Participant: 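Handing you a structure now.
Per chain, numbering begins at 1; letters A, B, ... match sequence-line order. It should be emphasised that the depicted structure is a prediction, and the values quoted were computed from it without experimental measurement.
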Amino acid sequence: MRIATWNVNSIRIRIDAVVDWIRRLEPDVLCMQETKVVDDDFPTEELQRLGYAVAMAGQKTYNGVAIASRLPLRDVRVGLSNGEGDADKRLISASAGGVRVLSAYIPNGKSVGSPSFAQKLAFFTRLGSTLEAQAPDRRGVVLCGDFNVAPDERDVFDPARMRGQLHFHPDEHRALGELMDFGLRDAYRLHHPEAGRFSWWDYRGAGLQKNEGLRIDLVLLSHDLAARCTRAEIDDAERHKDKPSDHAPVLVDIG
DNA sequence: ATGGTCGAATATCGA
């Protein structure tokens with residue numbers, strides 16, 4: 001089973017690239033973030049033509065998450081548990097092929113110490129509660145998304161400069177760590193111990209050419225699925241194409 | 001140089 005995640009930075013502007021990527025990589029499940037479109041305007045048919053079912057939760061201009069799957073999607077849920085007051089569309093989850101898949105877009109946090117930063121930390125806690133509610137046996141879970149946190153020194157281009165900054169702050173690391181204490185493994189690190197492998201590069205400046213990026217797009221697997229994970233890759237070639245998203249797709253194979 | 005670029009929307013805001 002191949003599962004992928006991709007912050008597409010607008011599904012409408014990226015749909016041709018997404019269709020092309022799906023044709024070439026043939027994921028069973030593709031989680032998307034920052035779709036930036038209301039559900040009625042989501043390019044659903046383009047994915048259905050490829051044989052994929054689509055579940056989406058979008059809004060105008062900002063955020064938005066989706067799951068495309070060539071296996072039937074069951075028990076689709078939108079938002080965090082107890083998230084009735086949340087206007088932002090940042091989480092959608094569904095069952096596919098016997099696994100519980102979650103597509104999450106964690107708040108950026110704007111700046112360390114801001115109200116948005118506190119909301120970012122709270123989102124991690126609430127995501128943990130949502131996992132408890134959706135998968136109490138802690139098995140068969142694939143939590144994908146843009147976490148807006150680089151887990152450790154290997155995941156940032158300049159650890160000394162980044163330490164304490166947004167995306168590499170101790171509070172963010174504690175929040176991510178507590179979430180992973182649910183029993184999750186970082187799939188990429190099961191197969192790639194090396195530093196300097198990133199999933200996001202800022203559009204601004206020459207960061208891509210200098211490989212000044214961050215690894216903030218993660219596939220987190222429950223222990224039972226981690227034991228079956230045969231491959232994990234970041235498709236950074238996608239970031240080097242014309243009109244790219246600022247994020248590369250990440251994919252895992254589970255045997 | 002608190003910059004730079006992209007996307008949504010059409011002046012700025014978010015990232």
Side-chain angles (χ1 to χ4, degrees), chain A residues 5-21 30-44 46-47 56-66 86-92 103-124 127 144-151 155-158 160-169 171-173 175-176 198-218 234-250:
Chain A
T5 188
W6 194 1
N7 180 324
V8 296
N9 189 12
S10 170
I11 187 59
R12 284 180 292 179
I13 204 136
R14 214 70 62 205
I15 183 60
D16 290 349
V18 170
V19 165
D20 177 71
W21 193 85
L30 173 61
C31 294
M32 290 165 275
Q33 300 86 35
E34 281 207 269
T35 54
K36 294 185 173 181
V37 68
V38 295
D39 294 352
D40 285 348
D41 293 335
F42 193 101
T44 306
E46 284 86 338
L47 302 178
M56 79 291 282
Q59 64 188 91
K60 187 179 175 184
T61 308
Y62 305 120
N63 309 315
V65 285
D86 290 346
D88 286 1
K89 302 301 186 193
R90 294 183 177 274
L91 181 69
I92 190 167
S103 178
Y105 177 47
I106 279 75
N108 169 285
K110 288 190 174 69
S111 61
V112 173
S114 68
S116 178
F117 188 75
Q119 289 165 11
K120 178 181 194 173
L121 300 179
F123 193 96
F124 278 96
L127 190 50
C144 295
D146 174 0
F147 287 76
N148 269 312
V149 179
D155 304 314
V156 299
F157 66 93
D158 186 343
R161 196 180 108 187
M162 280 296 297
R163 195 164 301 284
Q165 304 294 312
L166 194 70
H167 301 119
F168 202 62
H169 188 280
D171 290 351
E172 292 171 327
H173 288 141
L176 177 62
F198 307 132
S199 66
W200 172 86
W201 298 260
D202 203 313
Y203 284 128
R204 297 168 289 188
L208 179 64
Q209 285 65 39
K210 293 186 283 188
N211 196 33
E212 293 183 350
L214 303 173
R215 193 176 69 90
I216 56 177
D217 298 274
L218 310 176
I234 302 172
D235 188 1
D236 49 278
E238 198 65 32
R239 180 66 177 82
H240 286 86
K241 294 187 172 180
D242 290 337
K243 298 285 289 179
S245 168
D246 45 352
H247 297 253
V250 180

Participant: Any side-chain heavy atom of V112(A) sitting closer than 4.5 Å to one from Q165(A)?
Facilitator: no

Participant: Rounded to whole angstrom units, what separation is found between the CD atom of Q33(A) and the P atom of dG7(B)?
Facilitator: 17 Å

Participant: Applying ring-ring contact (aromatic ring centres under 6.0 Å, His included), can you list everything that pairs with F147(A), at least two apart in sequence or on another chain?
Facilitator: none

Participant: Starting at CG of N7(A) and ending at C1' of dG7(B), how long is that distance when rounded to a whole Å?
Facilitator: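 After rounding, the reported distance stands at 12 Å.
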
Participant: Would you call the rings of F168(A) and H173(A) parallel, tilted or perpendicular, where under 30° means parallel and over 60° means perpendicular?
Facilitator: perpendicular

Participant: How far does the P atom of dT12(B) sit from the matching atom of dA1(B), given to the nearest Å?
Facilitator: 27 Å

Participant: For residues 116-123 of chain A, tabulate all N or O donor-acceptor pairs below 3.5 Å that involve a side-chain atom, not counting sequence neighbours.
Facilitator:
from    : atom 1 : to      : atom 2 : distance (Å)
K120(A) : NZ     : N108(A) : O      : 2.9
K120(A) : NZ     : N148(A) : O      : 2.7
K120(A) : NZ     : E172(A) : OE2    : 2.6

Participant: Return the value, rounded to whole Å, for the distance between atom CD of Q165(A) and atom P of dT2(B).
Facilitator: 15 Å

Participant: Taking atom C1' in both dG14(B) and dA9(B), what distance in whole Å separates the two?
Facilitator: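 Going atom to atom, C1' in each nucleotide, I get 13 Å.
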
Participant: Can you check the W201(A) CH2 to dC6(B) C1' distance for me, whole Å?
Facilitator: 16 Å

Participant: Provide the distance between the two P atoms, one in dT2(B) and one in dA15(B), to the nearest whole Å.
Facilitator: 22 Å

Participant: Quick check: closest heavy atoms across D246(A) and Y203(A), and the distance to 0.1 Å?
Facilitator: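 Taking D246(A) first and Y203(A) second, the nearest heavy atoms are N-OH, 3.1 Å.
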
Participant: I15(A) has an atom CD1; how far is it from atom P of dA8(B), in whole Å?
Facilitator: 13 Å

Participant: K243(A) NZ to dT5(B) P: how many Å, rounded?
Facilitator: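 Checked: the NZ to P distance equals 14 Å.
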
Participant: What is the distance, to the nearest angstrom, from the NZ atom on K210(A) to the C1' atom on dG4(B)?
Facilitator: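 The answer, rounded to whole Å, is 11 Å.
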
Participant: Using the side-chain contact (heavy atoms from CB on, under 4.5 Å) rule, take D236(A) and F198(A) through it: C-alpha gap first, then chi angles, then the decisive distance, then the call.
Facilitator: CA-CA 8 Å; D236(A) 49 278; F198(A) 307 132; over 6 Å; no

Participant: Expressed in angstrom and rounded to an integer, what is the separation of R12(A) atom CZ from dG7(B) atom P?
Facilitator: 12 Å

Participant: Would one find more than 12 heavy atoms of other residues, nucleotides or ligands at under 6.0 Å from atom NZ of K60(A)?
Facilitator: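 Result for NZ/K60(A): open.
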
Participant: Between protein and nucleic acid, restricted to nucleotides 12-15 of chain B and to nitrogen or oxygen atoms under 3.5 Å apart, what atom pairs and distances do you find?
Facilitator:
from    : atom 1 : to      : atom 2 : distance (Å)
dA15(B) : N6     : R204(A) : NH1    : 3.4

